[in-house]
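Notes for the one structure printed next.
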Amino acid sequence: SQASSPQVWLQNYAVTVLVVGTCKAGIQFTTIGAAVAAAPNTGATIDVCPGTYPEQVTITKNLTIKGISSGNSSAAIITSPNGGLVQNATALGGFPVEAQILVQGATVTISDLTTDASNNNLDSQGCNGDPVGIYYQNSAGTITHNSVLNDILSPSLTGCQGGLGIFAENSTYGDILTITYNNVENYQKNGITVNGPGTGSGVTGATATISYNTVIGQGPWTGAGQNSIQVAYGATGTVAYNNVGADVWAPDVFGDTLDAAAGILVYASQYVAIKNNNVSQTQYGIAIVDSSSEGPGSATITNNIVATTHFYDAIDLCGSNNTATGNQINGADESGIHLDDTPTLPR
């Protein structure tokens with residue numbers, strides 16, 4: 001007979017597929033968090049039925065969580081809980097994070113979900129508020145076919161440097177991340193961010209494949225200086241076949257490069273390959289900025305299309321050992337390709 005606790009029963013009998021909702025037969029749960037808590041530590045798949053789930057989900061075990069279709073519906077949407085988002089993590093830099101999905105110290109696949117951080121109710125936190133759709137901390141895995149929306153503070157706080165769509169951050173070396181086929185919109189600071197440990201050791205952190213994503217910024221606005229995709233502080237990997245843009249910090253003027261927005265930004269990271277991306281309507285299209293602590297960037301920028309950069313360069317190479325070949329540039333206000341040995345960080 002079934003044990004009194006679903007978690008005990010699952011652990012004892014190694015059931016590996018759990019269901020959130022009632023659209024599918026199986027061991028059913030009303031919340032994603034309850035299914036995660038009950039899942040075996042040996043790995044499981046959680047199927048999430050179409051519906052709205054007002055919760056913050058923390059995952060510290062290896063598993064797969066995916067939205068599934070039922071009838072004509074396929075939207076499994078994680079929204080802000082009643083009362084708004086609360087801090088559930090601290091970033092490696094020490095600032096608080098309010099993540100809708102938090103993965104810590106695990107290998108996890110997340111697919112076919114929507115996160116919507118509307119009504120996050122973080123105004124009382126001021127610039128300490130940092131809504132994040134999906135946050136991987138010291139973790140590996142795959143983030144694919146998700147929509148990550150509305151990681152933004154109220155209009156009076158949009159100048160704060162928080163609000164990240166997908167955020168992966170690693171203090172250790174060797175984690176492998178795959179971030180593909182996601183749609184990220186209406187974020188405040190960055191759409192997709194992969195940061196490493198930033199130790200200055202010259203050893204790379206996590207290796208990320210960031211490909212086939214659509215990441216759209218706010219367009220011209222007066223809030224935070226946005227970047228559609230950022231790889232920084234010792235992370236490495238490949239950024240390929242993404243459609244990104246609409247990153248323009250509207251009050252900027254020529255010569256004021258420290259608060260400009262970028263479509264793709266690599267900062268203090270080495271050996272990042274950037275290829276076959278479509279970048280448009282930005283201030284910097286693709287910016288590679290070396291750091292003396294991490295060493296030469298050694299980035300390769302190939303076969304990208306960069307169109308309509310406002311004020312600044314289509315491709316900006318600040319540092320050494322970077323190469324740019326086979327790129328198509330259509331309409332740059334300043335240089336098509338700018339080479340510079342004095343790193344300046346657009347942000």
Side-chain angles (χ1 to χ4, degrees), residues 1-81 88-89 99-117 132-149 165-168 175-184 206 208-209 211-213:
S1 62
Q2 183 173 323
S4 59
S5 165
Q7 185 170 5
V8 170
W9 190 84
L10 286 163
Q11 298 289 345
N12 287 344
Y13 293 94
V15 173
T16 57
V17 178
L18 297 76
V19 179
V20 182
T22 59
C23 72
K24 178 181 176 180
I27 306 300
Q28 296 176 342
F29 299 85
T30 58
T31 67
I32 300 170
V36 170
N41 292 325
T42 54
T45 295
I46 298 174
D47 289 341
V48 184
C49 293
T52 300
Y53 301 91
E55 56 181 309
Q56 291 175 259
V57 180
T58 297
I59 303 169
T60 58
K61 60 185 74 171
N62 300 343
L63 56 78
T64 293
I65 179 169
K66 62 180 182 177
I68 61 174
S69 299
S70 178
N72 294 324
S73 181
S74 59
I77 306 171
I78 300 175
T79 61
S80 299
N88 57 357
Q100 292 188 273
I101 301 176
L102 169 65
V103 178
Q104 290 181 312
T107 299
V108 175
T109 294
I110 297 173
S111 69
D112 299 287
L113 297 175
T114 295
T115 64
D116 184 347
V132 176
I134 299 174
Y135 180 26
Y136 274 47
Q137 187 179 68
N138 295 326
S139 296
T142 299
I143 304 168
T144 186
H145 290 97
N146 302 286
S147 289
V148 181
L149 310 174
I166 296 172
F167 182 26
D175 287 322
I176 306 297
L177 296 161
T178 301
I179 304 171
T180 60
Y181 295 103
N182 300 286
N183 178 64
V184 185
T209 298
S211 59
Y212 297 102
N213 301 283

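In what follows, every heavy atom counts, from backbone to side chain, and hydrogens, waters and symmetry copies are set aside.
In this structure, CD1 in I143 is found 4.5 Å from CD1 in I179, a value given to the nearest 0.5 Å. Atom CG of D47 and atom OG1 of T64 lie 9.5 Å apart (nearest 0.5 Å). One finds the CG atom of N183 at 8.5 Å from the OG1 atom of T114 (value rounded to the nearest 0.5 Å). Atom-to-atom distance recorded for T79:OG1 and D116:CG is 7.0 Å, nearest 0.5 angstrom. To the nearest 0.5 Å, atoms OG1 (T109) and CD1 (I46) are separated by 12.0 Å. Note: L18 CG to Q28 CD = 10.5 Å, rounded to the nearest 0.5 Å.
Using a 4.5 Å heavy-atom cutoff, the side chains of T178 and T144 are not in contact. Looking at heavy atoms from C-beta onward, I65 lies in side-chain contact with V48 at the 4.5 angstrom threshold. No side-chain heavy atom of T115 sits under 4.5 Å from any side-chain heavy atom of V132. Within the 4.5 Å cutoff, no side-chain heavy atoms of C49 are placed close to those of T22. Using a 4.5 Å heavy-atom threshold, the side chains of D175 and Y136 count as separate. Annotation: side chain of Q56 is in contact with side chain of P81 (closest heavy-atom distance under 4.5 Å). Within the 4.5 Å cutoff, the side chain of K66 has heavy atoms near those of the T45 side chain. At least one side-chain heavy atom of I32 sits less than 4.5 Å from a side-chain heavy atom of E55.
A pairwise comparison of heavy atoms in Q137 and S139 identifies O-OG, 2.9 Å as the closest pair. Taking both residues in full, the closest heavy atoms of V57 and G33 are given as CG2-N, 4.5 Å, listed atom of the first, atom of the second, then distance. Between I166 and V184, the closest heavy-atom pair is CD1-CG2, 4.1 Å. Considering all non-hydrogen atoms of both residues, L63 and A39 come closest at CD2-CB, 4.3 Å. Between A140 and I176 the shortest heavy-atom distance is CB-O, 3.3 Å. Between I134 and I110 the shortest heavy-atom distance is CG2-CD1, 4.1 Å.
Of the possible polar contacts, none joining the N182 side chain to the S147 backbone as a donor-acceptor pair under 3.5 Å is found. Between the N146 side chain and the D112 main chain, a donor and an acceptor come within less than 3.5 Å of each other. With K61 contributing its side chain and V36 its backbone, the two residues share a donor-acceptor pair below 3.5 Å.
Remark: F167 engages Y135 in a ring-ring contact (aromatic ring centres under 6.0 Å, His included) (not counting sequence neighbours).
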